[in-house]
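First the structure, in the form of structure tokens, and then the observations on it.
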Amino acid sequence: MKKKTLLVTILLSTAFSACNDSFLEKYPGDKMTEQTLWQSEADFRGYALNLYDFHGFGVGNDQNVIQNNSDEICRGAMNQNSRIFDRRVIPETGGSWSWTKLRDINIMVTAARNCNLDEDVKLHWEGVARFFRAKEYFSKVKAFNDVPWIGKELTTSSEELFNPKDPRALVMDSVLADINFAVEHIRIEDEENQVNRDVALALKSEICLFEGTYRKYHKELNLQDWEKWLKECIKASETLMERGYTLCEDYRSLYSSLDLAGNPEIILYKQYEAGVISNQMTTAISSGESSTGTFGGTKDAVEAYLCKDGLPYGVSPLHPKAIAGEPEFLEEEFKDRDPRLLMSFVLPYNDSNPTQLPAMDHNYSGDLPPFMPAFTGEGYIHSPSGYHIYKYWNPDSPNTDATTGITDAPIYTLSIILLNYAEAMEELGLCTNDVLDKSINLLRRRVGMPDLTVEFANKINDPKKGKFAPEISPLLWEIRRERQVELIFDGSRFSDILRWKKASYFSKPFVGCYVDLEKRPQAAYNEDGTPKFKAILGDREGNVIPGATKGYVLPYNGELQPVYSDNDLKLYYEPINKQELTLNPNLTQSPGWENE
């Protein structure tokens with residue numbers, strides 16, 4: 001039974017949001033004064049809970065980290081990502097151009113500065129507010145590039161409502177000032193699982209890695225100070241690496257635990273509790289036929305995992321067929337690979353699966369297929385690609401509907417910080433074997449993979465690097481691989497593609513595993529001998545092979561997305577809705593959207 005904890009922020013934030021209307025009726029935003037609200041730490045703490053919007057496993061004012069918005073994941077029911085398939089349009093209203101949360105944050109900043117509490121208390125809560133302002137503006141810059149910087153509470157009559165955009169450089173310098181203030185003044189220790197100094201350092205590490213690499217590769221911005229940002233990332237990461245966090249022994253337990261409290265790797269997590277706030281993760285990876293479809297991995301994601309000798313798939317002699325360009329069935333390609341592959345995807349089986357079956361069991365166990373991979377139509381639990389996601393599965397997390405899961409969601413972990421550190425060091429040309437031993441190799445040793453060295457990376461001749469990233473060093477390619485493998489399906493891949501300026505990755509064909517429809521398990525056929533799975537098969541490049549009974553599963557029935565260049569700026573940004581552009585003629589449209 002999961003232990004309940006009083007004032008666990010990540011749990012209570014949604015409960016606070018649910019009752020926010022009544023809260024604002026009692027204390028309307030424009031009447032929150034020292035006389036009505038800001039009299040104690042409890043007032044600040046309660047208000048701050050409404051600002052916690054970290055993404056977890058879905059439900060409760062929350063987006064699920066699993067999204068079909070990159071080259072590593074696909075979705076059934078022809079549910080294709082509108083960005084990748086170029087179906088986005090400029091909306092009339094709505095979208096991401098919303099500033100309500102910023103106003104709430106600025107109210108708290110002002111209140112902290114003007115309240116009558118002790119100076120250290122005032123600085124702590126101003127730091128918390130500025131932490132969330134840094135986080136909010138970071139998300140806005142990622143979406144729109146230049147945005148107006150508003151550092152104070154506005155009213156409906158404020159002239160600043162009609163400000164033009166401020167340059168990205170100015171806004172991000174202000175973000176850096178905010179997060180530095182937070183790091184300096186937020187308490188090292190506070191209430192359990194709430195924003196403290198370590199969480200602020202983790203956000204700083206994330207922001208600075210993103211901005212540093214974004215400026216380095218997006219040369220059209222003409223921002224030359226990318227090195228400064230990467231140095232700030234390293235400084236924040238090193239401080240956290242010295243704070244006593246250690247990797248937990250079980251990689252998968254980070255993503256499939258009912259309770260992450262006490263996990264030595266966790267810096268911040270989102271807690272779920274039956275009857276209070278629950279999630280949809282198990283449903284997202286195991287639901288049956290629906291209009292939205294289930295998620296599955298792609299062949300490109302599976303091929304990112306190294307072989308157990310430390311060499312890439314397609315290079316390692318452990319897989320000679322892959323070297324020769326010949327297809328392997330799923331049970332073949334899963335052999336002798338990085339153990340994280342088997343911790344993230346369901347192993348193929350027929351009639352028995354002693355390794356993973358218990359962890360796949362849940363309330364729908366009666367419908368569990370007697371074999372894997374199972375495709376659409378072959379059982380309640382299936383995958384559109386054949387690469388069924390296993391990483392988040394826990395048999396004790398209910399799945400009676402889309403809102404009953406209770407596995408906790410990691411938000412910031414030591415593993416993320418180690419990856420940030422290693423990448424920033426190599427981007428600056430400072431990565432040595434000592435650096436790798438303090439970062440990448442800790443992650444590899446946890447799962448029993450060989451160490452990575454600078455010399456070994458330089459000897460690897462991975463054809464995929466030449467195809468997809470010829471401009472970077474072999475070591476950086478391996479560090480990026482480690483990031484994808486360690487953090488697969490946690491939502492970071494999309495941001496990584498944006499900051500590396502790799503819009504061309506959105507053109508990779510969505511291809512699943514290789515199958516022979518004439519040699520499927522008996523349960524995969526109808527009584528008349530026809531297959532339950534109405535497959536569209538193709539080649540490795542996603543081209544349909546008409547009438548084929550052998551080939552790669554094409555989860556989107558062979559529909560290919562456009563061929564993108566890394567310079568297609570539209571793919572990196574969100575459009576501003578038409579209403580906002582009309583209301584404020586000083587605004588300009590996002591890069592790449594000017595002529596839409």
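Here the structure is a predicted model, which is why all the values come from computation and not from measurement.
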Exercise. What are the two closest heavy atoms between L209 and T213, and how far apart are they?
Worked result: O-OG1, 2.7 Å
Problem set entry | Backbone N/O of R197 and side chain of R187: donor-acceptor pair under 3.5 Å | no
Problem set entry | Aromatic Y387 / basic R337 pairing, under 6.0 angstrom, 45° off normal | no
Exercise. Does R481 come within less than 4.0 Å of E72, counting only side-chain N to carboxylate O?
Worked result: no
Exercise. Which residues pass the ring-ring contact (aromatic ring centres under 6.0 Å, His included) test with Y214, sequence neighbours left out?
Worked result: F210, H218
Exercise. Distance only, no hydrogens: is a donor on one side chain within 3.5 Å (strictly under) of an acceptor on the other, for D490 and S492?
Worked result: yes
Exercise. Side chains of Y305 and F345: does their closest heavy-atom pair fall under 4.5 Å?
Worked result: yes
Exercise. Under 3.5 Å, is there a donor-acceptor pair between the Q561 and Y556 side chains?
Worked result: no
For this session: Check whether the side chains of N69 and R493 place a donor and an acceptor atom closer than 3.5 Å, and report yes or no.
Result: no
Exercise. Is a side-chain donor or acceptor of N279 paired with a backbone partner of T407 at a separation under 3.5 angstrom?
Worked result: yes
Exercise. Taking the six-membered ring of Y255 as reference, does the NZ or CZ atom of K391 fall below 6.0 Å from its centre and within a 45° cone about the axis?
Worked result: yes
Exercise. Quick one: side-chain contact (heavy atoms from CB on, under 4.5 Å) partners of I186, sequence neighbours excluded?
Worked result: H124, V128, F131, A182, V195, A200
Exercise. Taking the side chain from R83 and the backbone from F506, do they hold a donor-acceptor pair closer than 3.5 Å?
Worked result: no
For this session: Please answer whether the main-chain N or O of S256 pairs with a side-chain N or O of N394 as donor and acceptor at a distance below 3.5 Å.
Result: yes
Exercise. So do the side chains of F510 and Q80 get within less than 4.5 Å of each other, counting heavy atoms only?
Worked result: no
Exercise. Has the side chain of R252 got a donor or acceptor atom that lies under 3.5 Å from a matching backbone atom of W393?
Worked result: yes
Problem set entry | Any donor-acceptor N or O pair under 3.5 Å, side chains E426, S473 | yes
Exercise. Would a 4.5 Å heavy-atom cut-off, applied to side chains only, mark R446 and C248 as touching?
Worked result: yes
Exercise. Within the distance-only criterion (no hydrogens, no angle test), does the side chain of S385 pair as donor or acceptor with the backbone N or O of G297 below 3.5 angstrom?
Worked result: yes
Exercise. Within 45° of the axis and under 6.0 Å from the centre of the six-membered ring of Y514, does NZ or CZ of K299 qualify?
Worked result: no
Exercise. Is it true that the side chains of S237 and N420 contain a donor and an acceptor less than 3.5 Å apart?
Worked result: no
Problem set entry | S257 side-chain N/O to L260 backbone N/O, donor-acceptor pair under 3.5 Å | no
Exercise. Looking only at atom types and distance, does a side-chain atom of K550 sit under 3.5 Å from a main-chain N or O of L537, one as donor and one as acceptor?
Worked result: no
For this session: Please step through ring pair (Phe, Tyr, Trp, His ring centres under 6.0 Å) for the pair F132 and Y52, ending with a clear verdict.
Result: CA-CA 8 Å; F132 283 108; Y52 281 72; 5.1 Å; yes
Exercise. Where the side chain of K501 meets the backbone of L498, is there a donor-acceptor pair that is under 3.5 Å apart?
Worked result: no
Exercise. Salt bridge check: are E471 and K502 linked by an N-O gap of less than 4.0 Å?
Worked result: yes
Exercise. Which distance, rounded to the nearest 0.5 Å, do you find between the SG of C233 and the CD of E238?
Worked result: 9.5 Å
Exercise. Can you check whether F54 reaches Y269 side chain to side chain, under 4.5 Å on heavy atoms?
Worked result: no
Exercise. How about N193 and K270: does a side-chain donor come under 3.5 Å of a side-chain acceptor?
Worked result: no
Problem set entry | Minimum side-chain heavy-atom gap I73-I389 below 4.5 Å | yes
Exercise. Salt bridge check: are K228 and E211 linked by an N-O gap of less than 4.0 Å?
Worked result: no
Exercise. Does anything in residues 304-320 pair up under salt bridge (Lys or Arg N to Asp or Glu O under 4.0 Å), and if so which pairs, sequence neighbours excluded?
Worked result: K308-D336
Exercise. For F468, is the NZ or CZ atom of K508 found under 6.0 angstrom from the centre of its six-membered ring and inside 45 degrees of the ring axis?
Worked result: yes
Exercise. Quick one: are W229 and L176 in side-chain contact, heavy atoms under 4.5 Å?
Worked result: yes
Exercise. Under 4.5 Å between any side-chain heavy atoms of D198 and L240, yes or no?
Worked result: yes
For this session: Give the intermediate values and the outcome of salt bridge (charged side-chain N to carboxylate O under 4.0 Å, His left out) for residues D437 and R445.
Result: CA-CA 10 Å; D437 284 342; R445 290 166 192 167; 3.1 Å; yes
Exercise. Does a side-chain N-to-carboxylate-O contact under 4.0 Å join E328 and K335?
Worked result: no
Problem set entry | Salt bridge present between E482 and R340 (N-O < 4.0 angstrom) | yes
For this session: Indicate whether any N or O donor in one side chain lies under 3.5 Å from an N or O acceptor in the other, for E455 and N433.
Result: yes
Exercise. Do N461 and V315 have side chains that get closer than 4.5 Å, going by heavy atoms?
Worked result: no
Exercise. Does any N or O in the side chain of N196 come within less than 3.5 Å of the main-chain N or O of V199, such that one atom is a donor and the other an acceptor?
Worked result: yes
Exercise. Would S504 and D566 satisfy side-chain hydrogen bond (donor to acceptor under 3.5 Å, both in side chains), going step by step from the backbone distance to the final call?
Worked result: CA-CA 5 Å; S504 57; D566 289 335; 2.6 Å; yes
